[in-house]
Amino acid sequence: MKFVLLIILFCVGTVSAVPAEVDDRVEYTTSLNSIASIVMNWYGSLITTNENVSFAATEKKWDLYRSYYPHNMTQIHITETDLTKVEGSDNYQFSVDSLVSYKNTTGEHSQLISETFIFQLLPFAQPIIKSISINKVEQKEVVHTIKFNRAHYKAREFAYAWIAYLDGVEMMQATIYADQWLDKASYSVKIGGDVIQGSVATTLAKRKQYLAKGGHLLRSLDIKKIAGKSNTFILDLIVEWKGINQTGKPVLAKIHQEIEYKIQDNNAWHVISIKEQHLLPDIAPWAGLLC
Amino acid sequence: MLNKLATLAFISLFSCSSFIVTAEQTLPVLSGVGGDFSAMDTNGEAVEFNHYAGKVVVLAFGYTNCADICPFTLGYLKRLYGGLSANEQQKTRIIFVTIDPEYDTPGHLKSFIGHFNKDFVGLSGSQEQIDYIVSLYQAEYNRLSVLNIPTQNIRRVNPKLFADDEQAKEDNASLYSHTVTLYLIDKQGLTRSLEYTGTPVEQFIKKIQQLINE
């Protein structure tokens, strides 16, 4: 009798093991992507240049903290990040090291700032900053190149919010200006010989047959200007997806997305089309070898 | 009561055994790699890849005029296939898709493939069909002449004597570089792993067996 019960308990434990792995992936990617989007907003909005790039205002209660950063920042280069879940709570700790460049009356300067954000994140909700603390500030050698500007952070804020939205975080719609384009843009997906085409909603519904449950992680991002079209760009993303398909089989995808968007007069992004293709995943170094 | 519990235990065991297999699964579906296609078999008959549904497939690209890598790959596949039991061989297909359909006619392909194993499947077709299969598997091939690689001294299966440099230049078109990946495809036609001749045969066999038993 006890033996029979033990067998049942063993099996129940085994059965729940696989979905838990997928659930873990979903939790990790949705929290990472939505927190990263907020962090991109935080740093992008700290940079003071004349670029026509706007960010949503951060909460008033952080104004004092933000005043401690150097003024006239020209770029922020994030050099290291680490996301960990705070045990036994809905909180996540996001540690960031960044190399900040700024100008004052004595010239150009650079500082290494090490900070820790604590976010509260309920499932599929927008992360809320609970606390921020500076761990370390060091003067560094001046960095002259300007690469990590407001536009850099705006693109990343959008990209992280978009892939969080793809994983079901509806709350990221405001960050991607969804009300401006989500029901108008075209979305095509090529998976092997299969092609899905339609609106964002219809394509995502059909895409679920292939990528039913899992999570997206951003691997690379590039922005290309479209010649002959004013204020129109391609956001070129490579994203890794892991999870299960509709039949419960594990799936690995290397996703290439080309998102064509136009920056409107109010600086909001208006997405025109999304073209997605699933590439050969980077699982074998010989996959690209030719003889 | 005991009977009911025993029945429950049996059902649980049965259902969890499939989950245990899934838990051991290390072969994810590689999204976007592969799919259905049309080709021509070595008897000159039109064939759809779906025809092999229910079999585990190992698919390779190559061409018969390749004197080095392709015979080496097929030799490896011969050892791989030989390592399977007769029952497992029935449930497995080794498919060699030529990337030189102009030279690799069905008959030509049949004699070349047959040299390694009569069970192996050789597929040719029109240039469009081959290019489509190559694109489905995100493979690649190039004529060496396009890559400006000197080919006069490269070994080939059918050695040719050239009367002049111009002739030799023209013949460069029959030598190719191509993807060396071996695609492991499950019974539903989904690509589950990318292997090559460096994969230990025993390891590859285990993966085939795992897909047979799914």
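Computed from a predicted structure; not experimentally measured. Below, chains carry the letters A, B, ... as their sequence lines are ordered, and counting in each starts from 1.
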Problem set entry | Residue selection (most heavy-atom pairs with chain B, distance under 4.5 Å) from A/Leu252, A/Asn245, A/Ile191 |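 Highest number of pairs under 4.5 Å: A/Leu252.
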Exercise. Hey, are B/Thr64 and B/Asp104 close enough side-chain-wise for a donor-acceptor pair under 3.5 Å?
Worked result: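 B/Thr64 and B/Asp104 do have a side-chain donor-acceptor pair below 3.5 Å.
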Exercise. Any luck finding a side-chain donor-acceptor pair between B/Ser31 and A/His278 under 3.5 Å?
Worked result: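 A donor-acceptor contact under 3.5 Å links the two side chains.
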Problem set entry | NZ (A/Lys184) with more than 12 external heavy atoms under 6.0 Å |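 Counting other residues, nucleotides and ligands, NZ of A/Lys184 exceeds 12 neighbours.
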Problem set entry | Within 6.0 angstrom of B/Glu102 CD, more than 12 heavy atoms from elsewhere |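 No, CD of B/Glu102 has 12 or fewer neighbouring heavy atoms, counting only those of other groups under 6.0 Å.
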Below 4.5 Å from any heavy atom of chain B, which atoms of [X] appear? Answer side chain, backbone, both or neither.
X        : value
A/Leu211 : side chain
A/Leu280 : both
A/Asp194 : neither

For this session: Go through B/Leu182, B/Asp36, B/Thr179 and name the one with the most non-hydrogen pairs under 4.5 angstrom from chain A.
Result: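 Of the options given, most contacts go to B/Thr179.
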Exercise. Checking heavy atoms, do the side chain of B/Tyr137, its backbone, both or neither come under 4.5 Å from chain A?
Worked result: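 Just the backbone, heavy atoms under 4.5 Å.
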Exercise. Which bit of B/Leu190 is near chain A, if near means a heavy-atom gap under 4.5 Å: side chain, backbone, both or neither?
Worked result: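 Only the side chain of B/Leu190 comes within 4.5 Å of chain A.
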Problem set entry | Check: B/Val97 and B/Ile130 side chains under 4.5 Å, non-hydrogen atoms |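 Yes, their side chains come closer than 4.5 Å.
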For this session: Step through it carefully: locate the ring centre of B/Tyr132, locate the ring centre of B/Phe37, and say whether they are under 6.0 Å apart.
Result: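 Aromatic pair excluded; centres sit 6.0 Å or further apart.
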